[in-house]
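Just below is one structure, and these are the notes that go with it.
It should be emphasised that the depicted structure is a prediction, and the values quoted were computed from it without experimental measurement.
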Amino acid sequence: MRNPLATALWSAELLVRLAPEERSGPRGEKLSGMALRALQRLRILMEDHFLAERLAISGIPLQQDVVGLQEALEAVVKKSSGVHVEHAIDDRSRVLGDRAMIERVLDALLACASRGKVPVRIEAERGAGAVTLRFTGAPPPDGALDLPSKSSPSDTTGRVLSAYMAFRIAEALGGRLELEGGAYVLTLPLETRPVEGRPR
């Protein structure tokens, strides 16, 4: 897999060779920006990698929270810059699982489905004991849920492990993540207790 650390080190090495006046000029700013973006990609890659690996060996204790999907999705979208999302999730769609992990899987799938700033549509279906979310946007590449052995040289996001990580999170939460008809389909256990004061 292409390593963003190589870009960050190359940029930093060139930066330290510049004269002080060049370092504070346009060339220095360009190299600093390149290094920062590469390190940000590396951070995302490493966080996704270590989370997926820990989940694969049941190395993370998970909470059992009641999580409103509408609220969780809106919190994730608020932190996602430049992602246009339309959804049909209402406040009755509540799942049982670790809130932090649910937000991570939603964030990962938004990043995958919005690849190249493609608008994302999320449809929700509540069934017997589960809720299914269908993320439609940029079509998943072949083998999207597998652990990738390489990344595209043009990747500028650091999100090449996100779909694989989301697959691991879905499993750990007692759900599943599948590819179906050019969409990412996430199924999570539904919390079935009634909301106080609200008929089901």
Applying salt bridge (Lys or Arg N to Asp or Glu O under 4.0 Å), name anything that partners [X], two or more places apart in sequence or on another chain.
{"X": "E178", "answer": "R176"}
{"X": "E29", "answer": "none"}
{"X": "R43", "answer": "E47"}
{"X": "E53", "answer": "none"}

Non-neighbouring partners of E22 that pass side-chain hydrogen bond (donor to acceptor under 3.5 Å, both in side chains), sequence neighbours left out | none

Qualifying residues under side-chain contact (heavy atoms from CB on, under 4.5 Å), relative to [X], sequence neighbours excluded:
{"X": "A113", "value": "V120, F135, Y184"}
{"X": "E125", "value": "none"}
{"X": "A111", "value": "R159"}
{"X": "A128", "value": "none"}

Which pairs, with at least one residue in residues 130-140 and sequence neighbours excluded, count as a side chain to side chain donor-acceptor pair (under 3.5 Å)?
-> T132-T187, R134-E180

Side chains of residues 97-106: which donor-acceptor partners sit under 3.5 Å, not counting sequence neighbours?
{"from": "D98", "atom 1": "OD1", "to": "A100", "atom 2": "N", "distance (Å)": "3.1"}
{"from": "D98", "atom 1": "OD1", "to": "M101", "atom 2": "N", "distance (Å)": "3.1"}
{"from": "D98", "atom 1": "OD2", "to": "Q63", "atom 2": "N", "distance (Å)": "2.8"}
{"from": "R99", "atom 1": "NH2", "to": "V66", "atom 2": "O", "distance (Å)": "3.4"}
{"from": "R104", "atom 1": "NH2", "to": "D48", "atom 2": "OD1", "distance (Å)": "3.3"}

Any pair with a residue in residues 55-68 that passes salt bridge (charged side-chain N to carboxylate O under 4.0 Å, His left out), sequence neighbours left out, goes on the list, sorted by first then second residue, please.
->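 Passing the test, one end in residues 55-68: no pairs.
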
